[in-house]
Amino acid sequence: MIVVMNPGVEEKDIQMVVEKLKDMGFGVHLSRGVYRTIIGAIGDREKALSSGLEALPSVEKIVPISKPFKLVSREFKAEDSVYRIGGVQVGGEELAMMAGPCAVESLEQLLEAARQVKACGAKFLRGGAFKPRTSPYSFQGLEEEGLKMLAAAREDTGLLIVTEVMNQHTVEMVADYADILQVGARSMQNFYLLREIGRLDKPVLLKRGISATIEEWLMSAEYIMSEGNYQVILCERGIRTFETYTRNTLDLSCVPIIKRLSHLPVLVDPSHGTGNWHWVPAMSRAALAAGADGLLVEVHPNPAEALCDGPQSLNPENFGSLMASLKELAPVLGRRL
Ligand code: PEP
Ligand code: MN
């Protein structure tokens, strides 16, 4: 349930309600909005209703949240969540463009990609140093050396870094280099990892699991937020279906659904969502039209030579054309790029 405080209540009133809830055994999460403070309380609602809490002059109302996800839900927070990450906005009117190679392969490759995506207008550089590969014989990533290259690319271009963390043992290391921690589709239900990331003060890009329902995905976001890290960005990347012309089926219907259920920003990854660069521009435009807050796109200086996901990577020229078309589309959608 959530306890909605009256606008303009004093800090001591908020603390009194928090203490009362804690005494009754509730897990408590504070959300301080511009106009009012909302207290998320996880525990036995009947107890709270019979405690006289609602009669306090500082409390406007107590709202039960019927959904299994609480902190993630629109009922908990009515306004869209907007984050400022290194001076760049994610959510709100601004569209967040994150682009770069699937994997960090060398300093030369990464710097080239970074300069190219920056010239096209991206604000974030993506690139994996730890790669979750289906085959143990495929390129697994450069690990910490790759993270250092990402930091060098940030130094060189000013782009912010988005990179994947695969397990809880490397969370601190990856967080030292990244501006946004990516949780990959295969890790979406690694609950130890989610909890560990939840203890950081660092934005998280949480990709949808390969066969995850929207509710399972939102529950994973709840894991992160329940530990105190509220800076979660969702990313749709396609789900497994019977279709074989595409690598995954990009579920764009999840975007308006999430917007109704949750206040969290949602990005779309049309590269993994389709598996083929030919379909990336159309699905990018469709994603933004559906209400996505930005895109995560694979771009490689030379896709034919990529160590990972070349067939779905745009070359810099095609990424440039895509960005030009998105710049025309953004104002029509009431967004900025
Ligand atoms: C990636 O973005 O590099 C990646 C591995 O994606 P996913 O986890 O969605 O497969
Ligand atoms: Mn990839």
Side-chain angles (χ1 to χ4, degrees), residues 96-105 109-110 113-114 117 122 124-136 138-143 146-147 149-150 160-167 170 174 178-190 193-194 197 203-212 214 216-217 220-221 224 232-241 246-252 254 266-277 279-280 283-284 287 292 294-315 319:
M97 291 301 299
M98 307 184 179
C102 179
V104 178
E105 299 170 7
Q109 169 249 17
L110 189 68
V117 300
F124 297 86
L125 176 66
R126 61 141 294 142
F130 292 91
K131 292 305 304 174
R133 304 305 300 277
T134 302
S135 165
S138 302
F139 176 60
Q140 303 284 310
L142 299 179
E143 304 189 338
L147 294 174
M149 291 172 194
L150 286 163
L160 297 160
I161 302 301
V162 188
T163 196
E164 178 160 352
V165 56
M166 282 176 56
N167 61 53
T170 47
V174 181
D179 297 291
I180 300 179
L181 289 174
Q182 177 172 321
V183 176
R186 290 155 193 81
S187 302
M188 188 206 82
Q189 285 190 316
N190 180 340
L193 175 63
L194 300 178
I197 287 175
V204 186
L205 184 77
L206 177 65
K207 298 191 95 177
R208 182 177 183 177
I210 291 170
S211 299
I214 291 171
E216 286 163 344
W217 184 19
S220 290
I224 297 170
V232 178
I233 305 160
L234 299 165
C235 181
E236 159 64 28
R237 48 77 72 206
I239 46 176
R240 179 72 57 89
T241 70
T246 45
R247 178 176 177 185
N248 292 291
T249 295
L250 190 63
D251 176 19
L252 291 184
C254 80
V266 193
L267 305 193
V268 168
D269 170 355
S271 307
H272 294 88
T274 60
N276 184 322
W277 70 269
W279 323 134
V280 168
M283 296 317 285
S284 297
L295 300 169
L296 181 77
V297 183
E298 286 187 339
V299 180
H300 194 285
N302 185 356
E305 310 228 310
L307 296 182
C308 183
D309 286 349
Q312 68 192 33
S313 300
L314 292 175
N315 65 27
F319 181 62

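None of these values were measured; they are calculated from a predicted model. When a ligand or atom number is given, it counts from 1 through the structure's own listing order.
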* Which residue and non-hydrogen atom of the protein lie closest to atom 9 (O) of ligand 1, and at what distance in Å? -> Arg237 NE, 2.7 Å
* Asked: Who are the side-chain hydrogen bond (donor to acceptor under 3.5 Å, both in side chains) partners of Asn167, not counting sequence neighbours?
  -> Thr170
* Asked: Taking atom 6 (O) of ligand 1 as the point of reference, which of Lys207, Glu236, Arg186, Met98 owns the nearest heavy atom?
  -> Lys207
* To do: Would you mind listing which atoms of ligand 1 come within a distance below 4.0 Å of any non-hydrogen atom of Gly184?
  => 8 (O)
* To do: Kindly identify the option in Gly100, Ala185, Gly141, Cys102 whose heavy atom sits closest to atom 8 (O) of ligand 1.
  => Ala185
* Asked: If you count the non-hydrogen atoms of other residues, nucleotides and ligands that lie under 6.0 Å from CZ in Arg240, is the total more than 12?
  -> no
* salt bridge (Lys or Arg N to Asp or Glu O under 4.0 Å) partners of Arg208, counting only residues at least two apart -> Glu236, Asp251
* To do: Compute whether any side-chain donor of one residue and acceptor of the other, for Arg247 and Gln312, lie under 3.5 angstrom apart.
  => yes
Please list, one pair per line, the donor and acceptor atoms closer than 3.5 Å that link side chains of residues 180-190 to other protein atoms, with sequence neighbours excluded.
from   : atom 1 : to     : atom 2 : distance (Å)
Asn190 : OD1    : Tyr192 : N      : 3.4
Asn190 : OD1    : Leu193 : N      : 3.1

* For Phe139 against Lys131, the heavy-atom pair lying closest together -> O-CB, 4.1 Å
* **Exercise: do His272 and Asp309 side chains pair donor with acceptor under 3.5 Å** => yes
* What are the two closest non-hydrogen atoms of Val297 and Met97, and how far apart are they? -> CG2-CE, 4.5 Å
* Structure fact -> Near the Mn ion (ligand 2), meaning under 2.8 Å, the protein N/O/S atoms are Cys102 SG, His272 NE2, Glu298 OE2, Asp309 OD2
* Asked: Tell me, which protein residue and heavy-atom name are nearest atom 4 (C) of ligand 1, and how many Å apart are they?
  -> His272 NE2, 3.5 Å
* Gap separating the NZ atom of Lys207 from the CG atom of Leu267, nearest 0.5 angstrom -> 10.0 Å
* Who gets closest to atom 2 (O) of ligand 1 by heavy atom: Glu164, Met188, Arg126? -> Arg126
* May I ask whether Gln182 places a heavy atom under 4.0 Å from ligand 1? => yes
